[in-house]
Amino acid sequence: MIIGLAAHFAAGIAIGVLYFQGLWWNARMVVSGGRWTAMVGLLTARFVLLGGALTLGSLEGAQALLTMAVGIL
């Protein structure tokens, strides 16, 4: 139980790092006037990654979902 929650927390941290790094790249593209197709693609990829990970976490139960969400933040 504790090991599973620790794994979900670690996965949440990894997903959070990827999500916020992608947000940083997206913000830099907006400021520098990058291609809008790349911006929309990165935005979509971030949402799909986050939504998919949280959906998989929810299949394990409420504790796993909340632990993963805390890890993401």
Side-chain angles (χ1 to χ4, degrees):
M1 175 90 169
I2 297 297
I3 294 174
L5 290 178
H8 283 94
F9 184 70
I13 289 173
I15 293 165
V17 167
L18 290 173
Y19 181 84
F20 288 110
Q21 183 65 41
L23 179 63
W24 175 252
W25 288 337
N26 210 348
R28 285 180 44 201
M29 277 193 240
V30 168
V31 170
S32 68
R35 295 181 312 169
W36 68 271
T37 54
M39 287 185 259
V40 170
L42 184 57
L43 175 77
T44 304
R46 283 189 300 119
F47 285 149
V48 167
L49 172 73
L50 186 63
L54 289 175
T55 300
L56 289 176
S58 72
L59 296 176
E60 298 289 325
Q63 285 181 332
L65 175 62
L66 290 173
T67 305
M68 187 178 283
V70 168
I72 289 170
L73 292 178

Worksheet item: Of all heavy-atom pairs between Phe20 and Ile72, which one has the smallest distance, and what is that distance?
Response: CE1-O, 3.6 Å
Please tabulate, one pair per line, all N/O donor-acceptor pairs under 3.5 Å involving side-chain atoms of residues 36-51, not counting sequence neighbours.
from: Thr44; atom 1: OG1; to: Val40; atom 2: O; distance (Å): 2.8
from: Arg46; atom 1: NH1; to: Tyr19; atom 2: OH; distance (Å): 3.3

Worksheet item: Any idea which heavy atoms bring Met68 and Ala11 closest together, and the distance?
Response: CE-CB, 4.3 Å
Worksheet item: Quick check: are there more than 12 heavy atoms from other residues, nucleotides or ligands sitting under 6.0 Å from CD1 of Ile3?
Response: no
Worksheet, complete the sentence: dist Leu18:CG -> Leu23:CG (nearest 0.5 Å) comes out at 12.5 Å
Worksheet item: Can you tell me how far CG of Leu66 sits from CG of Leu54, rounded to the nearest 0.5 angstrom?
Response: 10.0 Å
Discussion item. I need the full list of side-chain hydrogen bond (donor to acceptor under 3.5 Å, both in side chains) pairs touching residues 48-59, with sequence neighbours left out, sorted by first then second residue.
Written reply: none
Fill in: With sequence neighbours excluded, residues passing side chain to side chain contact (heavy atoms under 4.5 Å, CB included) with Ala64
His8, Glu60
Worksheet entry | Remaining members of the apolar cluster that contains Leu5, side-chain heavy atoms under 4.5 Å | none
Discussion item. Strictly by side-chain hydrogen bond (donor to acceptor under 3.5 Å, both in side chains), give each pair with a member in residues 21-35 just once, sequence neighbours left out.
Written reply: none
